[in-house]
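Counting from 1, the numbers follow the sequence of the chain as shown.
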Amino acid sequence: MKTQTELGAALRAWRGRTGPADIGLPAGGDRRVPGLRREELALMVGISVDYLVQLEQGRATNPSPQVLGAFAQVLGLNAVDRALLYRLAGSVAPSSGSVPSEVPRGVQRMIDRMSDTPVAVFTAAWDAVQWNPLWGELFGSPTEYRSRANNLAWGHFAAVSPIGTSRVERDADQTDAFERRMVADLRRARDRYPDDRAVAELISGLRDANRRFDDLWARYETVPNGRSRKTVVHAELGEITLDCDILTIECADLHIVLNWAEPDTPDAEKLDLLRERIALAARR
């Protein structure tokens, strides 16, 4: 009952902050409270006023996906509020037709402040969409967006050589965890974006190209992200052992991959050399 009450409170709040002009209605007439009248919202959504009252009072349950979609559109909800609307209604917001790749401004500001850490941003299907100069120096800069050579899963399971100029090595346990996580994430992307043809073709290509991927795909596993360790074999500096963290930005459906070296180690010194190289290039 609490969720139903919260749904009603949310609908009242969103109705109160939406003006008639926002949805193309005349703003005339005396209005004792700001926002849309119930009659106006019900008309635009295509439901009865009585049903809207029941929803706002928590007496109606489980509005249909069509009704929820109409509420989101009429009230002009952003992606976060839209997801909240569906969650409060006991449902899951349907995804857009394709995997999103836009980096929100707040996330961009965070990435810009992490220039001393190798950072890259990947889509839900593990296509690289952004990386900082230190990532490029460490791994080699990826190619254009949505090229298979630019996909982390493809680079591991199917490419002749890994993405970029550096090779990544993991022990058996880390390799198993990495591969299971990649497959689980791709299944999640396929389920969330069933109309994305590129995702379907990527998965089909991986199943044809790699028996291990095909076997993991058949498991239907859910694997959470976590810290991992890997060794990057750099073309000039040799082996650099790094810890890796993956942050998932839910509202944008992006993965942020960060790599760290233990302080006061030869690995940290090698990262310092790459930072110096970037700084020197910037001064030229």
Side-chain angles (χ1 to χ4, degrees), residues 101-179 181-182 185 225-249 252-284:
S101 60
E102 181 179 355
V103 180
R105 284 188 295 177
V107 176
Q108 184 65 62
R109 286 195 292 268
M110 179 183 71
I111 295 170
D112 291 342
R113 294 178 180 177
M114 304 180 74
S115 59
D116 64 337
T117 302
V119 178
V121 182
F122 293 84
T123 69
W126 287 102
D127 289 307
V129 294
Q130 190 176 128
W131 50 93
N132 65 4
L134 189 53
W135 178 285
E137 287 290 340
L138 181 62
F139 295 101
S141 295
T143 57
E144 70 276 8
Y145 171 59
R146 281 219 154 176
S147 163
R148 279 192 178 178
N150 191 26
N151 183 276
L152 195 63
W154 185 266
H156 176 81
F157 286 104
V160 175
S161 59
I163 299 171
T165 58
S166 298
R167 186 174 75 255
V168 176
E169 296 181 347
R170 299 176 176 87
D171 63 27
D173 289 341
Q174 291 288 354
T175 298
D176 178 71
F178 174 81
E179 291 177 344
R181 182 169 61 243
M182 286 290 106
D185 281 348
N225 287 325
R227 171 163 290 195
S228 62
R229 174 161 287 202
K230 62 192 173 189
T231 297
V232 179
V233 184
H234 191 271
E236 299 176 28
L237 301 180
E239 294 186 354
I240 308 174
T241 299
L242 302 168
D243 289 318
C244 175
D245 286 298
I246 300 174
L247 306 180
T248 299
I249 308 301
D253 214 354
L254 296 171
H255 301 301
I256 300 179
V257 179
L258 308 98
N259 294 276
W260 320 88
E262 289 287 344
D264 303 318
T265 62
D267 304 301
E269 293 174 2
K270 291 177 181 179
L271 282 187
D272 286 338
L273 291 175
L274 294 179
R275 294 187 186 97
E276 292 172 6
R277 180 183 298 181
I278 294 169
L280 180 61
R283 290 195 294 268
R284 290 177 179 172

Enquirer: Please report the closest heavy-atom contact between P104 and L254, naming both atoms and the distance.
Expert: CD-CD1, 4.0 Å
Enquirer: Which is it for H255 and L152 under the side chain to side chain contact (heavy atoms under 4.5 Å, CB included) test, yes or no, and what are the steps along the way?
Expert: CA-CA 12 Å; H255 301 301; L152 195 63; over 6 Å; no
Enquirer: With rounding to the nearest 0.5 Å, note down the distance linking CG in L271 to CG in N259.
Expert: 8.5 Å
Enquirer: Got a donor-acceptor contact below 3.5 angstrom from the K270 side chain to the I240 backbone?
Expert: no
Enquirer: Assign the ring pair F178 / H156 to parallel, tilted or perpendicular, where the plane angle (0 to 90°) is split at 30° and 60°.
Expert: perpendicular
Enquirer: Please name the pair of heavy atoms, one in T123 and one in S101, separated by the smallest distance, quoted to 0.1 Å.
Expert: CG2-CB, 4.1 Å
Enquirer: Before giving the answer on salt bridge (Lys or Arg N to Asp or Glu O under 4.0 Å), spell out for R109 and D112 the whole-Å C-alpha distance, their side-chain angles and the decisive distance to 0.1 Å.
Expert: CA-CA 5 Å; R109 286 195 292 268; D112 291 342; over 6 Å; no
Enquirer: Could you give the distance from SG (C244) to CD (Q174), rounded to the nearest 0.5 Å?
Expert: 9.5 Å
Enquirer: With a 6.0 Å cut-off (strictly less than), is the heavy-atom count around CD of E169, excluding the residue itself, greater than 12?
Expert: yes
Enquirer: Output the distance between atom CG (N132) and atom OG1 (T117), rounded to the nearest 0.5 Å.
Expert: 8.0 Å
Enquirer: Check A128 against N150 and note the closest heavy-atom contact, atom names and distance.
Expert: O-ND2, 3.0 Å
Enquirer: I need the minimum non-hydrogen distance between R181 and S228, along with the two atoms involved.
Expert: NH2-OG, 4.1 Å
Enquirer: Output every pair passing ring-ring contact (aromatic ring centres under 6.0 Å, His included) with a member in residues 260-284, not counting sequence neighbours, ordered by first then second residue.
Expert: none
Enquirer: Could you state the interatomic distance from CZ (F122) to CD (Q130), rounded to the nearest 0.5 Å?
Expert: 11.5 Å
Enquirer: Rounded to the nearest 0.5 Å, what separation is found between the CG atom of D267 and the OG1 atom of T241?
Expert: 4.5 Å
Enquirer: Which atoms form the tightest heavy-atom contact between L138 and S166, and what is the distance?
Expert: O-OG, 2.6 Å
Enquirer: Roughly how far, to the nearest 0.5 Å, is the CD atom of E137 from the CZ atom of R275?
Expert: 12.0 Å
Enquirer: Above 12 or not: heavy atoms from other molecules or residues under 6.0 Å from CZ of R105?
Expert: no
Enquirer: Could you tell me which non-hydrogen atom of A268 sits nearest to which non-hydrogen atom of P263, and how far apart they are?
Expert: CB-CA, 4.4 Å
Enquirer: For the side chain of N151 and the backbone of A125, is there at least one donor-acceptor N/O pair under 3.5 Å apart?
Expert: yes
Enquirer: Mind checking salt bridge (Lys or Arg N to Asp or Glu O under 4.0 Å) for E262 and listing every partner two or more places apart, or none if nothing turns up?
Expert: R229
Enquirer: Applying the side-chain contact (heavy atoms from CB on, under 4.5 Å) criterion to L247, which one of V119, I256, V257 satisfies it?
Expert: I256
